[in-house]
Amino acid sequence: MKYEPITIEEKWQKKWDEEKAFKVTEDPQKKKYYLLEMFPYPSGKIHIGHVRNYTIGDVVARYKRMKGFNVLHPIGWDAFGMPAENAAIEHKIHPSKWTHENIEHMKKQLKRMGFSYDWDREIATCEPEYYKWEQLFFIWMYEKGLAYKKRSSVNFCAKCDTVLANEQVEGGQCWRCGTEVTEKVLDQWFFKITAYIEELLDYCDKLPGWPERVMTMQKNWIGKSYGCEVDFPMAEGPGAIKVFTTRQDTLFGATFMLVAAEHPLVMELAKGKPCEGNVKQFVEKVKKQDKLMRTSEYYEKEGLFLDSYCLNPLTGWKMPIYAANFVLADYGTGCVMAVPTHDQRDFEFAKKFDLQLIVVISPKDRTLDPATMTEAYVDEGILVNSGQFNGMENTKVLEAIADFLTVQGKGKRTIQYRLRDWGISRQRYWGAPIPMINCEKCGIVPVAEKDLPVILPEKVVFSPEGGSPLASLPEFFNTTCPKCGGKATRETDTMDTFVESSWYFDRYCCPDCDTKPGLDRKKLDYWMPVDQYIGGIEHAILHLLYSRFYTKVLRDFGVIGVDEPFTNLLTQGMVCKETMKCKEHGYLYPEQAADGKCHLCGKDVIIGKTEKMSKSLKNVIDPDFLVKNYGADTARIFCLFAAPPEKDLEWSEQGVDGSFRFLSRLWRIVEEYLEDIKTVEPLSGVVELEEELKALRRKTHQTIRKVTVDIEDRFHFNTAISAVMELVNAVYQIKRPASSDKIALAAGREALEAAIILLVPIVPHITEELWQLLGHKDLAANVPWPEFDSTIASEEEMTIVVQINGKLRSRMTVAVDEDPGKIKANALADEKIKSMSEGTQIKKVIYVPKKLVNIVVG
RNA sequence: GCCGAAGUGGCGGAAUUGGUAGACGCGCUAGGUUCAGGGUCUAGUGGGUGUACGCCUGUCCGGGUUCAAAUCCCGGCUUCGGCACCA
C-alpha cells in the first residue's frame, strides 16, 4: 500500500469533525492551557504565512493536549475592514456577502490543513452578536471619559479615504496601501490609552514570556522621557512661553526660542506686527511641506523671526522667538528652548540666522570657542557660564537644576510621552458603528443600552469617490435623542478594526454568551490569560499594545480579572522565497518560470533577491497547490523543519520534496514491519537485550527525551523532527528480525510507535493512519505523550576525547561509571598520546566528566 | 544618526551550561536494486595535503581572556529589523 496523503488526510479530518475531537469545556479538575494564534482577516484565501503560524500553534496545542492539559484552541475571523468595502466598489458585491463567502472558503482550507480547533467557538467580528458588546464597552468608556471626541488634525489616507492612527502610519505612508498620508482636521473619537500609559509601560518589564525586542519596541513607542517644564517670561507684557526640556543642564546656554509653525502662538505673536503677512505665508508653506518633510531623508531647517522676545529665566537675557519647521507641534508644549552650542539642530539654525552661541558644557580636555565651532558639542562635560552650577558635571546637575527651578517657581519636573491617544474613528462603512447620537439640544448622547446593538444597515450605496455610505443614509442617521426624545442624528463613523481584535480572545472563552456584558466572568476566569500567543512580528506595536490597553479597561469594568492578556508571546518569522524575473515580462510566478525559462517568451529567468512572499513580487506558493500535490502533513512538517519558528523561513521546493520523502520513509518502514508486529506488544520495562536492540531501545528513549525537551522548552520543532528522523534511520539500520523473533520485533514496535506518537502533533494525519494500522482503536490525537525511561536512555559507554593543549588527538571508549583517575591514567597511557607528548613535560591534566581529557604540555 | 538582532559547508540549519564544530535535511558523487526513467536502499561528502594510520587548517575580520572559544570580553565590517528633527 502506497502512502496516499490525500485520502488519509480527508478521512481523518472527517473523523475529527464528526467526533468533535477538539471541543473543550471548562473542567476545574484539569489544568487549562489557552493557545491562541492571531486570527486571520478573511481576505479570500489562506497564504503560506497563515499555514506556518497555525501549524506552529497546532503543534503546541496538540502537544499540550497529549500532555493532559485542557486545551482551548479557538479560531475566528477579523471580519471587518477595508478590503471588503473595496470589493464592494470594484465588483459590486456587498461587503457582508464577500466576507461570508471568503470565510466559508478559508474555513475549508483551514480544515484541510488538519488544525485542531474547537470549531464550535468560531466567531466573526462583523456579527452584531459580537460588536454589540464592543458598543456597550464604548458607552462605558465614554461614561468614564476613556472615549472622547475631539476636533483634531489627523493622518488621512486619500486612497483608503479614511483616518489612520499614528501607529498605522509607517514612514509617512499608509500601513495598508502605501499611499502618502496627508493631514486633515476632523472631529474624531479617541480612546484614552494615555490614561493607562504608566501601567502599560510598567508591565513591559513584567512580561518575561515576551520577546525582548517586542517590549523594546513598545517602550520606544510609548517614549517616556523625564525632564522639566520651564517658563520663559515674555520680554514685554505678561505671559510666558512654556517649554519642555530633558536638558535643563543647558538652560544657561538657551539663546533663542523656537515655536512649531502650526502652533497657535505663532500667529498670536505676529499679530499686528509688520511681519504678520510673511509669517502667515511661512506657516502655510510649512503646513504643506510637512508631509513631504516626514518622508524625505534630507530636510532644510527653516524659520522666521516673529519680532518678539522672551527672557531666559536663569540669565535674564533676551531671546528672540522664531517659528520653525522642525519643531513638532504635538510633542511637549510645541515650543523649544534652543541651545545652539549643545544641540546640532539648534546649531544649524543659529548659524543660518546668525544667532548667539554660549558654551555651557565644556569637555574635559579642551576649551570650546563659539567662534570656531563647526558643530554642536553634545557629549558630557563640566558646566561653565552657568552661575552657581559652574564646575559641576552636566550629567549630575540635572536634579539640582530641576530643584532650583521648582524652588524659584520658574519650572517644575515633568514627564513627556510620545504615545498619543488612540484615534478610532473611521469614515467607512464596513466596521462597528460607534453607538453615539448627536442631539441638537443635549449634545452628544450615548445610545441607550437596551437599544444595542446599533446594527450596520445592509442597504447602502457605495461610491467610488469614497466617503462613508452611512453618512448618506438618512434611514440610518436620522433618529431621536434617547434623553429628550427630540430630533437627533447618529454618529456615522465606525470603529477602527483594531478595536475588534483587542478583545476577541476574551470572547472565545464564551462565544455564545448573550447576556450583558457579553463576557462570562466565570468562564473567563478559567481560561484567561492566553498562555501562549503566536503571530507575526508586524503586530509588535499596533495590535498588541491596543489589546493590552483594552484588557486593562475591561478589567477596571470588572468584566475580566487579568492585567495582561498574553502571558507568552511567540513572534514567528516571515516566509520568504527568491523572486524571479523576465527581462520583458517582469516578475514571474513560480509556475510561469518552470525550467528557468519565461513561459511567455522563453527567455532566461533572472533569479532575484529572496524576499517576503507577496503577490506583488509574485514569489508566492499557494497552500492549495501544496495540499494537492503533497498533502497537508508535508506542508506542515516542512514549515516546521526548515527553520526555527522565530526566524524567517526560506521556501525551498526541494526541501518540500525532502519532507515528503521522510513521511514516505516512515510509512514504508511501518509497512515493512506491519505483518510481523501487528500482534506483538511493544517492549516496556526492563528487558535483557542483545547489543543492537539495546542500542535501538536506547535511541528510542533518548528520542522521546529530546523531542519532549525541544517542544516543551524551546519550540524548536526543527531539531525535534531531526531527532525522529534519526530514530527512523536507526530502525532502517538494524537487521530485520525474523518473524519468530518476538523480542526483536517488540523492540522494533516500541521504536516505531514512539516515532509515530512523537510526530502526532506535527503530522497528525499520517500518524493517525499508522496508529490505526498498528491495531489501535483510539485516536492517536488522544494518546498520552510518551514518557522516557532514563535508565534505558542512558549510555553504558561513553567516548572520551583526549586532547593535547586543547587539540583533539585521540578518543577512547570507557564505561560510564569509570573512575576519573583511571580515565586520566588511560589517556596518558594511550599510544598516540604517548608518542605525541614524548620529550615534553606534562604540566596539567584536566578531566571534564563524560567529555574529555585535556593534557597540557610545555 | 540611535537602538536591537544576526553572520557557521554548495544550500536550509545543528551544537541547552565555554569542552569531539557541521546533527538532521537538501544538493552532489559512487554503488546495489528483474534498475527504462523516476523511485528506493547503502556508502561518501568543510577546505588543503599525503600511498596510508594521519597531519595542517577552519564558525564575518582583527585583538584578548582561558588548559579549552562558534559560544565570553574589546575593536571593526556586513546584513536585516525597529525608531528617526521627541527638544
Side-chain angles (χ1 to χ4, degrees), chain A residues 2 170-171 211-221 223-225 227 243-248 250 254 258 260 293-294 297 299 301 324-328 330-339 342-346 348-349 416-418 537-538 540-541 573-574 637-638 641-644 646-659 661-662 664-665 668 706 709-710 713-714 716 718-726 728-729 732-733 799-811 831-832 836 843-858:
Chain A
K2 236 183 98 189
E170 296 172 347
E212 188 69 38
R213 62 178 180 143
V214 174
M215 295 287 49
T216 312
M217 281 162 78
Q218 293 215 348
K219 278 190 210 168
N220 286 343
W221 192 264
K224 182 178 186 174
S225 50
V243 151
F244 172 75
T245 182
T246 55
R247 294 295 306 274
Q248 58 269 27
T250 62
L258 296 168
M293 247 176 53
R294 284 221 179 105
E297 276 291 308
Y299 46 85
K301 301 223 170 345
N325 66 342
F326 65 97
V327 175
L328 301 175
D330 62 350
Y331 183 79
T333 62
C335 306
V336 180
M337 67 172 202
V339 184
H342 305 293
D343 181 287
Q344 188 56 27
R345 296 158 295 181
D346 299 343
E348 284 167 33
F349 195 88
Q416 275 296 325
Y417 301 93
R418 211 181 82 101
I537 185 74
E538 64 271 23
I541 301 172
M574 298 179 302
I637 200 171
F638 174 72
F641 183 62
E646 67 278 5
K647 280 184 62 169
D648 284 352
L649 183 155
E650 198 181 319
W651 196 262
S652 143
E653 207 59 54
Q654 285 162 338
V656 178
D657 281 331
S659 297
R661 221 175 297 167
F662 168 65
S664 308
R665 202 167 143 82
R668 267 195 310 276
K706 173 141 181 70
V709 168
D710 282 352
D713 301 353
R714 317 196 299 164
H716 277 201
N718 54 337
T719 51
I721 292 166
S722 65
V724 180
M725 285 175 169
E726 284 184 57
V728 171
N729 288 347
Y732 267 90
Q733 219 84 129
T799 304
I800 297 291
V801 167
V802 186
Q803 300 179 331
I804 295 179
N805 288 347
K807 282 193 178 178
L808 175 69
R809 291 300 179 215
S810 181
R811 290 166 219 270
E831 289 288 336
K832 255 186 260 166
M836 291 196 76
K843 288 186 174 164
K844 211 174 182 184
V845 179
I846 296 154
Y847 174 57
V848 181
K850 299 184 181 186
K851 299 266 187 203
L852 56 79
V853 176
N854 189 13
I855 299 160
V856 185
V857 300

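Every chain is numbered from 1, with letters handed out A, B, ... down the list of sequences.
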**OP:** Would you mind telling me which of B:rG13, B:rC85, B:rC24 lies closest to the side-chain atoms of A:Lys647?
**Re:** B:rG13
Original post:
With both distances kept under 3.5 Å, what pairs with B:rC11, Watson-Crick or G-U wobble?
Top reply: B:rG25
Subject >> Phosphate-side-chain proximity, A:Lys807 and B:rC55, N/O vs OP1/OP2 below 4.0 Å >> reply: no
**OP:** Check the distance between B:rC83's P and A:Glu538's CD and give it to me in whole angstrom.
**Re:** 13 Å
Original post:
With a non-hydrogen cut-off below 4.0 angstrom, is A:Val856 in contact with a base, only sugar-phosphate, or nothing?
Top reply: sugar-phosphate
Original post:
Counting just side-chain N and O atoms, does A:Arg661 come under 4.0 Å of either OP1 or OP2 of B:rC26?
Top reply: yes
Subject >> Closest to side chain of A:Phe326, choosing from B:rC85, B:rG12, B:rG19 >> reply: B:rC85
Subject >> A:Arg809 side-chain N/O to B:rC56 phosphate OP1/OP2 under 4.0 Å >> reply: yes
**OP:** Take atom CZ of A:Phe641 and atom P of B:rG13, then tell me their distance rounded to the nearest Å.
**Re:** 11 Å
Original post:
For the side chain of A:Ser225, counting heavy atoms from C-beta on, which of B:rC85, B:rC67, B:rA87 is nearest?
Top reply: B:rA87
Original post:
Is the count of non-hydrogen atoms from other residues, nucleotides or ligands lying under 6.0 Å from A:Arg665 atom CZ greater than 12?
Top reply: yes
**OP:** Take atom NZ of A:Lys844 and atom C1' of B:rU66, then tell me their distance rounded to the nearest Å.
**Re:** 9 Å
**OP:** Hunt down the Watson-Crick or G-U wobble partner of B:rC55, both distances under 3.5 Å, from any strand shown, or write none.
**Re:** B:rG48
Original post:
What distance, rounded to whole Å, do you find between the two C1' atoms, one in B:rG82 and one in B:rG63?
Top reply: 31 Å
**OP:** Determine whether more than 12 heavy atoms belonging to other residues, nucleotides or ligands lie under 6.0 Å from atom NZ of A:Lys219.
**Re:** yes
Original post:
In whole Å, what separates the P atom of B:rG62 from that of B:rU8?
Top reply: 16 Å
Original post:
Which part of the nucleic acid, if any, lies within contact of A:Thr245, taking any heavy atom under 4.0 Å across all strands shown: a base, the sugar-phosphate backbone alone, or nothing?
Top reply: sugar-phosphate
Original post:
A:Asp648 near the nucleic acid: base, sugar-phosphate alone, or nothing, with a heavy-atom cut-off under 4.0 Å?
Top reply: sugar-phosphate
Original post:
Which one, B:rC3, B:rG19, B:rC83, comes nearest to the side chain of A:Trp221?
Top reply: B:rC83
Original post:
What is the distance, rounded to the nearest whole Å, between atom CH2 of A:Trp651 and atom C1' of B:rG25?
Top reply: 15 Å
Original post:
What does A:Val724 touch in the nucleic acid at a heavy-atom separation under 4.0 angstrom: a base, only the sugar-phosphate, or nothing?
Top reply: nothing
**OP:** Starting at CG of A:Asn220, measure out to CZ of A:Arg418 and round the result to the nearest 0.5 Å.
**Re:** 8.0 Å
**OP:** Would you indicate what A:Gly658 reaches in the nucleic acid, counting non-hydrogen atoms under 4.0 angstrom: base, sugar-phosphate, or nothing?
**Re:** sugar-phosphate
Original post:
Centres of the A:Phe662 and A:Phe641 rings: under 6.0 Å?
Top reply: no
Subject >> Given B:rG25, B:rA14, B:rC26, the nucleotide with the shortest approach to the side chain of A:Pro644 >> reply: B:rA14
Subject >> Watson-Crick/G-U partner (both atom distances under 3.5 Å) of B:rU20 >> reply: none
Original post:
Contact class for A:Tyr732 vs. all strands (heavy atom < 4.0 Å): base, sugar-phosphate, or nothing?
Top reply: sugar-phosphate
Original post:
Partner of B:rU66 by Watson-Crick or G-U wobble geometry, both contacts under 3.5 Å, or none?
Top reply: none
Original post:
What is the distance from CZ of A:Arg665 to P of B:rC41, rounded to the nearest Å?
Top reply: 5 Å
Donor-acceptor pairs are to be reported for all side-chain atoms of residues 850-858 of chain A against protein atoms at under 3.5 Å, with residues two or more places apart or in another chain.
from: A:Asn854; atom 1: OD1; to: A:Asn805; atom 2: N; distance (Å): 3.4
from: A:Asn854; atom 1: OD1; to: A:Gly806; atom 2: N; distance (Å): 2.9

Subject >> Under 4.0 angstrom between A:Gln733 side-chain N/O and B:rU42 OP1 or OP2 >> reply: yes
Subject >> Worked verdict on A:Thr250 versus A:Met337 for side-chain contact (heavy atoms from CB on, under 4.5 Å) >> reply: CA-CA 10 Å; A:Thr250 62; A:Met337 67 172 202; 3.7 Å; yes
Original post:
Quick one: is B:rC41 close enough that its OP1 or OP2 comes under 4.0 Å of any side-chain N or O from A:Arg668?
Top reply: yes
Original post:
With sugar-phosphate meaning primed atoms plus P, OP1 and OP2, does A:Lys843 contact a base, only sugar-phosphate, or nothing at under 4.0 Å between heavy atoms?
Top reply: nothing
Original post:
Closer to the 5' end of RNA chain B via nearest nucleotide, is it A:Asn718 or A:Arg247?
Top reply: A:Asn718
Original post:
When you measure from the side chain of A:Val709, which nucleotide among B:rA14, B:rC83, B:rU16 comes out closest?
Top reply: B:rU16
Original post:
When rounded to the nearest Å, what value does the distance between C1' atoms of B:rC55 and B:rC3 take?
Top reply: 47 Å
**OP:** Could you check how far CG of A:Asn854 sits from C1' of B:rA68, rounded to whole Å?
**Re:** 6 Å
Original post:
Can you tell me the Watson-Crick or wobble partner of B:rU42, both distances under 3.5 angstrom?
Top reply: B:rA30
Original post:
Could a donor-acceptor pair under 3.5 angstrom be found where the side chain of A:Lys301 meets the base of B:rC85?
Top reply: yes
Original post:
Is B:rG58 syn or is it anti, if syn means the base angle is within 90 degrees of 0?
Top reply: anti
Subject >> Watson-Crick/G-U partner (both atom distances under 3.5 Å) of B:rG81 >> reply: B:rC3
Original post:
Got a second to check how far A:Thr719's OG1 is from A:Lys706's NZ, nearest 0.5 Å?
Top reply: 4.5 Å
**OP:** Could you please name the option among B:rU20, B:rA87, B:rA15 that lies closest to any side-chain atom of A:Val327?
**Re:** B:rA87
Original post:
For A:Asn220, which contact category applies under a 4.0 Å heavy-atom criterion: base, sugar-phosphate, or nothing?
Top reply: nothing
Original post:
Between A:Arg418 (CZ) and B:rG82 (P), how many Å, whole number?
Top reply: 14 Å
Subject >> Partner nucleotide, any strand, of B:rC35 [Watson-Crick/G-U, under 3.5 Å] >> reply: none
Original post:
Within the structure shown, what part of the strands sits under 4.0 Å from A:Asn729 by heavy-atom distance: base, sugar-phosphate, or nothing?
Top reply: sugar-phosphate
Original post:
Is A:Gln344 touching bases, backbone alone, or none of the nucleic acid, heavy atoms closer than 4.0 Å?
Top reply: nothing
Original post:
Counting only side-chain N and O atoms of A:Arg714, is one of them less than 4.0 Å from OP1 or OP2 of B:rA14?
Top reply: no
Original post:
What distance, rounded to whole Å, do you find between the two C1' atoms, one in B:rC83 and one in B:rG10?
Top reply: 38 Å
Original post:
Could A:Arg345 and A:Phe326 be counted as a cation-pi pair, given that NZ or CZ must be under 6.0 Å from the ring centre and within 45° of the axis?
Top reply: no
Subject >> Polar side-chain atom of A:Asp648 near backbone of A:Met574 as donor-acceptor pair, under 3.5 Å >> reply: yes
Subject >> Along RNA chain B (nearest heavy atom to each residue), the more 5'-positioned of A:Lys851 and A:Val336 >> reply: A:Lys851
**OP:** For residues A:Gly332 and A:Phe244, report the shortest heavy-atom separation together with the two atoms involved.
**Re:** CA-CB, 4.2 Å
Original post:
In whole angstroms, how far is the P atom of B:rA23 from the CG atom of A:Asp710?
Top reply: 16 Å
Subject >> P atoms of B:rC41 and B:rG58, separation to the nearest Å >> reply: 38 Å
